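Keep in mind that this is a model prediction, so the values were computed, not measured. Basis for what follows: all heavy atoms, side chains included, without hydrogens, waters or symmetry-related copies.
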Amino acid sequence: MDWLVELHSLWRWLILAAAAIIAVLAALAAFGVRPWDNLSDRFSLFFTIALDVQVLIGAIVWVLGQAWAGDAFRGFIHPVVMLGAVAVAHVGRARSDRATGDRAQGRAALIFYLVSVALVLIAIPRE
C-alpha cells in the first residue's frame with residue numbers, strides 16, 4: 001500500500017509539469033504567438049489523461065487505506081476538490097476542441113486548465 005501512496009505522491013509532479021507545458025502552449029495560442037496545433041492538442045490530452053490516472057490511483061488509495069476514517073481533509077475535501085479539478089480540465093478540453101480559431105482554442109484551454117491547476121494546488125495536502 002505504501003508504494004501506491006508514493007506513486008500517487010510522485011505522479012503529481014508529472015501533472016504539474018504537464019500543466020505548466022499546456023498552460024504555456026495555451027497562453028501562446030491565446031495571445032496569437034503560435035497556433036493551437038497538434039502539439040498543443042496532444043499536451044491537452046496528456047494533461048487530462050494524467051489527471052485521470054491520478055484520480056484512479058487516489059481512489060484505490062482512498063478505498064484500500066480507508067482514508068475517509070479520520071482526517072477530514074484527506075478523507076473528503078481532497079478527493080472532492082480533485083474530482084472537481086478533473087471535471088474542469090475535461091470541460092476545458094471539450095471547449096477548446098469545439099472552439100473555432102487558434103486564439104479561441106488557446107483562450108478556452110488556458111482559462112479552464114488554470115482553474116483546474118488552481119484547484120489541484122488548493123487540494124494538495126500540506127504534510
(message) Can you tell me how far apart CD1 (Ile57) and CG (Leu7) are? Round to the nearest 0.5 Å.
(response) 4.0 Å
(request) Heavy atoms only: give me the nearest Leu51-Ser116 pair and the separation to one decimal. (result) CD1-OG, 3.8 Å
(message) Testing the basics here: between Arg95 and Phe112, what is the closest heavy-atom pair and its distance to 0.1 Å?
(response) NH1-CZ, 3.8 Å
(message) Are Ile124 and Leu14 connected into the same hydrophobic cluster when the rule is that any two of I, L, V, M, F, W, Y join if their side-chain heavy atoms are below 4.5 Å apart?
(response) yes
(message) Are the side chains of Leu121 and Leu16 in contact, using a 4.5 Å heavy-atom criterion?
(response) yes
(message) Set out, in order, the CA-CA distance, both residues' side-chain angles and the distance that settles side chain to side chain contact (heavy atoms under 4.5 Å, CB included) for Val120 and Met82, then state yes or no.
(response) CA-CA 6 Å; Val120 166; Met82 290 299 185; 4.0 Å; yes
(message) Using the rule that Ile, Leu, Val, Met, Phe, Trp and Tyr join whenever any side-chain heavy atoms are under 4.5 Å apart, tell me whether Phe31 and Ile22 fall into a single cluster.
(response) no
(request) Would you mind listing every side chain to side chain donor-acceptor pair (under 3.5 Å) that reaches into residues 38-54, with sequence neighbours excluded? (result) His8-Gln54, Arg34-Ser40, Asp37-Ser40, Asp41-Arg93, Ser44-Arg93, Ser44-Tyr113, Asp52-His90
(message) Tell me every residue that passes side chain to side chain contact (heavy atoms under 4.5 Å, CB included) with Val24, counting only those two or more places apart in sequence or in another chain.
(response) Leu28
(message) Hydrophobic clustering (ILVMFWY, side-chain heavy atoms < 4.5 Å, transitive) - are Val81 and Trp11 grouped together?
(response) no
(message) Can you list everything that forms a side chain to side chain contact (heavy atoms under 4.5 Å, CB included) with Val80? Sequence neighbours excluded, please.
(response) none
(request) Following the transitive rule for hydrophobic clusters with a side-chain heavy-atom cut-off under 4.5 Å over Ile, Leu, Val, Met, Phe, Trp and Tyr, establish whether Val91 and Leu83 coincide in one cluster. (result) no
(message) Would the distance check show the side chain of Ser9 and the main-chain N or O of Val5 forming a donor-acceptor pair, the cut-off being under 3.5 Å?
(response) no
(message) To check you understand the geometry: which heavy-atom pair defines the closest contact between Ala27 and Leu110, and what is its length?
(response) CA-CD2, 4.0 Å
(message) Tell me the closest heavy-atom pair linking Gly106 and Ala30, and the distance in Å.
(response) C-CB, 3.8 Å
(message) Treating Trp36 as the side-chain partner and Ala104 as the backbone partner, does any N or O pair qualify as donor plus acceptor under 3.5 Å?
(response) no
(request) Just say parallel, tilted or perpendicular for the rings of His78 and Phe73, cut-offs at 30° and 60°. (result) tilted
(message) Are Leu45 and Ile15 linked, directly or through intermediate hydrophobic residues, by side-chain heavy-atom contacts shorter than 4.5 Å (ILVMFWY only)?
(response) yes
